Amino acid sequence: MEIDSSSMIKPETLSTRSSSPSEKIHLRPMTLSDVDDFMVWATDSNVTRFCTWEPYTSREAAIAYLNDVVLPHPWLRAICLDNDRPIGSISVTPVDKIRGEIGYVLGSKYWGKGIATEAVRLVAAEIFKENPEMERLEALVDVDNVGSQKVLEKVGFVREGVMRKFMYLKGNVRDMVMFSFLPSDSLH
């Protein structure tokens, strides 16, 4: 089934209003000039452990990925600190006409500081306004990725259950936890 991603509205820059993380964050479109910052997290095997892609080993491959996947993506933003340098990214990918799947990645240096939680909260607060046809924002998280599960639960996503033997990831069949957030749900 082909998904029409052109119907998703490209978001403007989003930023935190509170100072809950130690540093204020904002989300903005990624550009090719972000390649060196992208390489910081995209080459880290700890960061990419639960990603569908392997760590990047060359700047050229990273540039190709940014050109071919990131720039044309219907809703992908850089997670930035006050200095505007990306430390990760967050995306909402259309699944079908009423569902979007949220995904995020953050440099390991920034784990445990509330930054991913705040980025997910920003997206959950805005995505239904920008895409009123969307009825459900969902996330599939590896059962062993406890940190990401905690991020979603802190924001108010509902843990719906474990999808057994759901995904083939890096040579292994993995169980995944399904989370969802609806427009009627409350952010935490």
Side-chain angles (χ1 to χ4, degrees), residues 2-17 21-95 99-131 134 137-142 145 147-148 151-152 155 167 169-170:
E2 190 170 308
I3 297 164
D4 179 15
S5 62
S6 64
S7 64
M8 287 194 76
I9 298 171
K10 298 265 186 180
E12 296 185 22
T13 299
L14 302 173
S15 61
T16 56
R17 291 184 189 92
S22 57
E23 300 186 62
K24 183 178 175 186
I25 66 161
H26 66 276
L27 309 179
R28 65 158 175 80
M30 285 189 77
T31 66
L32 275 180
S33 63
D34 294 324
V35 67
D36 292 326
D37 294 313
F38 171 80
M39 289 294 288
V40 172
W41 75 81
T43 58
D44 184 339
S45 60
N46 290 322
V47 172
T48 64
R49 176 178 173 205
F50 296 111
C51 295
T52 55
W53 41 274
E54 295 292 340
Y56 280 82
T57 57
S58 77
R59 192 171 192 271
E60 293 74 27
I63 289 170
Y65 176 76
L66 290 172
N67 269 324
D68 298 343
V69 177
V70 172
L71 298 180
H73 193 282
W75 209 105
L76 189 145
R77 307 303 257 176
I79 301 171
C80 300
L81 300 177
D82 284 335
N83 65 6
D84 203 41
R85 295 193 65 179
I87 59 169
S89 66
I90 190 164
S91 65
V92 176
T93 303
V95 175
R99 294 182 298 146
E101 182 177 345
I102 192 169
Y104 43 91
V105 61
L106 188 67
S108 58
K109 173 181 174 182
Y110 301 97
W111 291 356
K113 298 177 186 243
I115 294 171
T117 302
E118 196 59 31
V120 171
R121 187 176 287 118
L122 280 170
V123 173
E126 294 298 322
I127 196 68
F128 298 110
K129 295 174 193 169
E130 295 174 12
N131 298 280
M134 189 178 293
L137 183 60
E138 58 190 34
L140 280 168
V141 182
D142 191 287
N145 191 346
S148 190
V151 163
L152 294 163
V155 172
M167 182 179 277
L169 183 66
K170 299 180 179 173

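Small disclaimer: the values here were computed from a predicted structure and weren't measured.
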Q | Check: A61 main-chain N/O paired with S58 side-chain donor or acceptor under 3.5 Å | A | yes
Q: Please report the C-alpha distance between D34 and R28 in whole Å, then the side-chain angles of each, then the deciding distance to 0.1 Å, and finally whether the salt bridge (Lys or Arg N to Asp or Glu O under 4.0 Å) criterion is met.
A: CA-CA 11 Å; D34 294 324; R28 65 158 175 80; 2.8 Å; yes
Q: Quick one: pull up OG1 in T52 and CE in M167 and give me the separation to the nearest 0.5 Å.
A: 7.0 Å
Q) Any sub-3.5 Å donor-acceptor pair from Y104's side-chain atoms to S148's backbone N or O? A) yes
**Q.** Over all atoms of both residues, closest heavy-atom pair of K170 and E54
**A.** CG-OE2, 3.4 Å
(Q) Measuring only between side-chain heavy atoms, which start at C-beta, is V105 closer than 4.5 Å to F50? (A) no
Q. Does the side chain of P29 come within less than 4.5 Å of R77's, by heavy atoms?
A. yes
Q. Where the side chain of W41 meets the backbone of I87, is there a donor-acceptor pair that is under 3.5 Å apart?
A. no
Q) What distance do L66 atom CG and M30 atom CE have between them, rounded to the nearest 0.5 Å? A) 5.5 Å
**Q.** R85 to D37 - nearest heavy-atom pair and separation
**A.** NH2-OD1, 2.5 Å
Q: Could you pull out the closest heavy-atom pair between I102 and V123, with the gap in Å?
A: CD1-CG1, 3.9 Å
Q | Over all atoms of both residues, closest heavy-atom pair of P55 and S45 | A | CG-CA, 4.0 Å
Q.
Quick check for you: to the nearest 0.5 Å, what is the distance between I90 atom CD1 and I115 atom CD1?
A. 12.5 Å
(Q) Using 0.5 Å steps for rounding, measure from the CG atom of L169 to the CZ atom of R49. (A) 10.0 Å
Q.
Rounded at 0.5 Å granularity, tell me how far CZ in R99 sits from CG in N131.
A. 15.0 Å
**Q.** Exercise: identify the closest heavy-atom pair between A42 and T48
**A.** O-CG2, 3.9 Å
(Q) Is it the case that the side chains of S108 and D44 hold a donor-acceptor pair, with the cut-off being a distance below 3.5 Å and no angle test? (A) yes
Q: Using a 4.5 Å cut-off on heavy atoms from C-beta on, say whether the side chain of T57 contacts that of T43.
A: no
Q. Is the Y56 ring parallel, tilted or perpendicular to the Y65 ring (thresholds 30°, 60°)?
A. tilted
Q: Check whether more than 12 heavy atoms from other residues, nucleotides or ligands sit under 6.0 Å from atom NZ of K109, and answer yes or no.
A: no
Q. Do you know the tightest heavy-atom contact between L152 and A139?
A. CD1-CB, 3.6 Å
Q) Can you tell me how far the NE2 atom of H26 sits from the CD1 atom of I79, to the nearest 0.5 Å? A) 11.0 Å
Q.
Which residues pass the side chain to side chain contact (heavy atoms under 4.5 Å, CB included) test with T117, not counting sequence neighbours?
A. R121, V151, K154, V155
